[in-house]
Trainee: 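A single structure is presented below for examination.
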Amino acid sequence: AQTAQMDLESIIVTGSRIVRDGFEAPTPVSVLSVDDLNVISTPNIADAVNRLPALQGSLGTSNASTNVSSGTGGVNQLNLRALGAVRTLVLLDGKRIVGATLAGFENNGSTPDINGFPGGLVSRVDVVTGGASAAYGSDALAGVVNFVLDKEYTGIKGEIQGGVTTYGDDENYKVSLTAGTPFANGRGHFLFFGEHTYSAGIVGDGNRPWNDPALSRAVVRNPAYAAGNGTPEWIIADHVGVRATAGGLILADNVNGTNSPLRGIQFLEGGKQAPFTFGTQSGSFMIGGDYDQTNIWKWPTLDLEVQRTNFFTRGSYDIADNVNLYGELSWAYTHAKNSSLVPNFEFGQSISVENAFLPENIRQTMINGGISSLTLSTFYGASNRLSLTLADGSTPLDIKADNGRTQRRYVGGLEGNFAAFDTEWAWDLYYARSTTHNATRSPDNLQSRGPTSPHDMALDSVINPATGAAICRSTLTNPGNGCIPFNPFGTNVNGALEYDYVANTGYAITILSQDVWAASMSGEPFDLWAGPVSLAFGAEHRIEKVRGLASADDEARLFFAGNYIATNAKWDVTEGFIETVVPLAKNTSWAESLDFNAAVRGAQYSESGFEFTWKAGATYTPSNDYTFRVT
């Protein structure tokens with residue numbers, strides 16, 4: 001009966017390893033209860049937690065949708081106070097989980113994906129908004145977010161939800177099932193959670209009023225800015241476009257520069273020619289002019305197409321009255337697709353007067369003026385649907401991103417309590433292994449890096465003197481090199497064969513793994529005049545590994561975007577910690593309570609050596625109405 005009463009009163013507060021009845025945490029802790037989470041009722045638990053003001057700059061499916069190289073599409077990663085997700089330790093029931101990606105995006109690499117957590121079994125979420133590195137390690141510099149499971153859940157519950165945006169897109173649904181039951185006359189307990197979600201995504205502007213195509217609004221560098229002239233360097237401008245068109249736009253020639261008589265000729269469907277009016281230049285952008293023909297803001301994906309499937313099971317059994325054996329298995333799969341990220345840009349491609357596809361009127365003007373080459377600016381792919389549409393309905397050469405991610409996790413451990421020094425001690429010993437298999441692809445990625453890239457060789461075409469047909473210049477000197485000449489003048493002037501030659505699919509496979517051995521113990525070894533002294537101590541050994549491969553074209557840096565590099569590495573750390581809370585006053589005339597708390601942690605890193613971390617603090621309650629805390 002005494003043991004049962006102790007278990008009911010003991011509350012583990014994230015941010016401290018100390019378990020103590022009535023203890024107020026020495027660091028600030030925000031708590032989201034299961035009732036809070038049910039009221040918010042988001043498609044995934046990360047979106048609910050991200051509503052806390054302390055979480056700023058977290059990574060979600062929307063704000064990672066335009067990034068190819070990091071492979072973060074479809075992840076949800078938490079970021080406390082915008083200090084970087086790598087400085088925010090995310091735990092599942094007090095235990096670490098392997099990161100979702102390696103490279104990361106805006107300092108979000110090697111941190112867990114919350115999408116894989118068993119949301120239906122979470123009883124509360126603790127958010128430590130102050131540093132807790134002395135208690136948890138150097139990855140907790142910004143704080144800790146701990147998803148606490150209801151390990152005694154009994155019953156069965158399910159959830160079905162669906163939705164659509166105000167604008168009739170991004171259709172989504174979620175189906176989940178949670179179950180728990182005791183067995184062996186209550187000595188054991190089994191938990192299960194399964195979930196499947198789907199979001200259709202938003203491709204294009206979706207008629208959002210803030211992205212009105214007629215306004216074409218963007219943040220650009222101020223054309224009037226100069227250092228010291230008092231004008232802002234960056235402005236929000238209307239009628240902004242890029243200095244390129246889908247079918248190609250002549251910017252200059254090698255003799256007259258931007259005063260070229262050819263400047264402003266653009267090429268339309270089938271190679272037709274039309275005049276183009278330039279706006280005020282701002283880097284690669286322009287303000288005004290024929291901006292509506294070069295407005296790219298309405299084409300990229302605003303929200304990814306994402307589907308997720310998660311499974312989690314946990315079993316526990318009392319092998320003795322005070323020893324519990326437990327094990328956990330989880331599997332989570334995420335597939336995120338970006339069908340239209342951004343067109344492949346080429347701002348300033350040199351085109352020779354000898355080009356096989358050069359219109360004759362332009363060739364004659366170049367010959368008459370002694371012009372050997374002109375500068376053509378274009379963006380391939382043309383999500384305005386003027387260019388070739390492939391059999392699957394997509395447009396070629398819009399950069400796409402396709403990320404598949406599978407996480408597996410295995411946990412086994414023992415926990416229990418025993419009596420010593422006239423007090424109860426609690427202990428926990430476990431091993432956890434988790435892996436993330438990432439398959440990252442970038443379809444329809446332009447190979448345009450360097451003169452020997454397929455794109456540059458295909459654009460350098462001439463007339464074959466033997467046949468009178470277009471041929472790559474490189475093929476004349478290297479027959480059989482497979483080069484296919486590409487026509488840059490207009491839309492719908494190339495076929496699938498030409499597009500397939502100048503673009504390819506970049507890919508990388510990355511396997512992250514984490515092995516953790518940990519042991520901890522806590523109790524109250526003796527009493528002082530103001531109450532019992534609390535003590536917690538433990539040790540942990542962790543190994544992090546990454547194995548990977550990437551395509552030869554990625555490794556050679558040939559692509560417009562992506563250019564993945566295989567990484568193979570390993571590091572490990574061995575850590576030990578001690579934490580204590582010492583009561584100094586209790587129920588006196590000047591204090592309801594006064595506690596001193598401290599922690600030290602030593603960590604031996606394989607790559608950077610030994611690190612020592614400490615903290616000291618006090619919690620002072622002069623009356624029931626006020627508490628002061630300093631750390």
Trainee: Apply side chain to side chain donor-acceptor pair (under 3.5 Å) to the pair Ser372 and Asn254, showing each step before the final yes or no.
Mentor: CA-CA 7 Å; Ser372 61; Asn254 69 319; 2.5 Å; yes

Trainee: So, for Phe357 and Phe489, is the gap between ring centers shorter than 6.0 Å?
Mentor: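 No.
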
Trainee: How long is the span from the CG atom in Asn445 to the CG atom in Asp554, to the nearest 0.5 Å?
Mentor: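 So the gap between those two atoms works out to 7.5 Å.
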
Trainee: What distance separates Lys400 NZ from Thr505 OG1, expressed to the nearest 0.5 Å?
Mentor: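 The distance works out to 9.0 Å.
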
Trainee: Please indicate whether Arg547 has more than 12 foreign heavy atoms, meaning atoms of other residues, nucleotides or ligands, lying under 6.0 Å from its CZ.
Mentor: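 Incorrect, the count does not exceed 12.
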
Trainee: Between Gln273 and Asn361, do the side chains contain an N or O donor and an N or O acceptor separated by less than 3.5 Å?
Mentor: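 Yes, Asn361 and Gln273 have a side-chain donor paired with an acceptor closer than 3.5 Å.
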
Trainee: About how many Å separate CD of Gln407 and CZ of Arg409, when rounded to the nearest 0.5 Å?
Mentor: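 Reported value, rounded in 0.5 Å steps: 8.0 Å.
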
Trainee: OG1/Thr245 to CD1/Ile265 distance, rounded to the nearest 0.5 angstrom?
Mentor: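 Those atoms lie 11.5 Å apart.
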
Trainee: Consider side chain to side chain donor-acceptor pair (under 3.5 Å). Of Thr111, Asn115, Asp113, which one does Gln77 pass it with?
Mentor: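 Of Thr111, Asn115, Asp113, side chain to side chain donor-acceptor pair (under 3.5 Å) with Gln77 is met by Thr111 alone.
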
Trainee: Which value, rounded to the nearest 0.5 Å, describes the distance between Asn172 atom CG and Lys174 atom NZ?
Mentor: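 Asn172 CG to Lys174 NZ: 10.5 Å, rounded to 0.5 Å.
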
Trainee: Return yes if some donor-acceptor pair links the side-chain N/O of Asp460 with the main-chain N/O of Asp456 below 3.5 Å, else return no.
Mentor: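 No, Asp460 side chain to Asp456 backbone: no donor-acceptor pair under 3.5 Å.
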
Trainee: Check whether the side chains of His239 and Ser216 place a donor and an acceptor atom closer than 3.5 Å, and report yes or no.
Mentor: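 Result is no, nothing qualifies.
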
Trainee: Could you tell me if Asn478 and Ser474 have a donor-acceptor pair between their side chains, going purely by distance under 3.5 Å?
Mentor: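 Short answer, no.
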
Trainee: Going from CG on Asn338 to CG on Leu302, what distance comes out if it is rounded to the nearest 0.5 angstrom?
Mentor: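 So the gap between those two atoms works out to 10.0 Å.
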
Trainee: Can you confirm whether or not the ring centre of Phe486 sits under 6.0 Å from the ring centre of Tyr499?
Mentor: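 Distance test on ring centres: under 6.0 Å, yes.
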
Trainee: Test side-chain contact (heavy atoms from CB on, under 4.5 Å) on Thr258 and Leu251 and set out the steps.
Mentor: CA-CA 6 Å; Thr258 55; Leu251 299 180; 6.0 Å; no

Trainee: Is it the case that the side chains of Thr334 and Arg405 hold a donor-acceptor pair, with the cut-off being a distance below 3.5 Å and no angle test?
Mentor: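 There is no such pair between these side chains.
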
Trainee: Students often mix this up, so state it plainly: with edges at 30° and 60°, are the rings of His335 and Tyr333 parallel, tilted or perpendicular?
Mentor: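 His335 and Tyr333: tilted rings.
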
Trainee: Just wondering, are more than 12 heavy atoms of other shown residues or ligands nearer than 6.0 Å to NZ in Lys337?
Mentor: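 No.
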
Trainee: Is the closest side-chain donor-acceptor distance between Thr231 and Asn229 under 3.5 Å?
Mentor: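 Yes.
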
Trainee: Evaluate side chain to side chain donor-acceptor pair (under 3.5 Å) for Asp253 paired with Ser260, printing each intermediate quantity in order.
Mentor: CA-CA 6 Å; Asp253 65 54; Ser260 172; 2.5 Å; yes

Trainee: Under the criterion side chain to side chain donor-acceptor pair (under 3.5 Å), I'd like the reasoning laid out for Ser282 against Arg221: C-alpha separation, chi angles, the key distance, then a yes or no.
Mentor: CA-CA 6 Å; Ser282 174; Arg221 189 179 179 89; over 6 Å; no

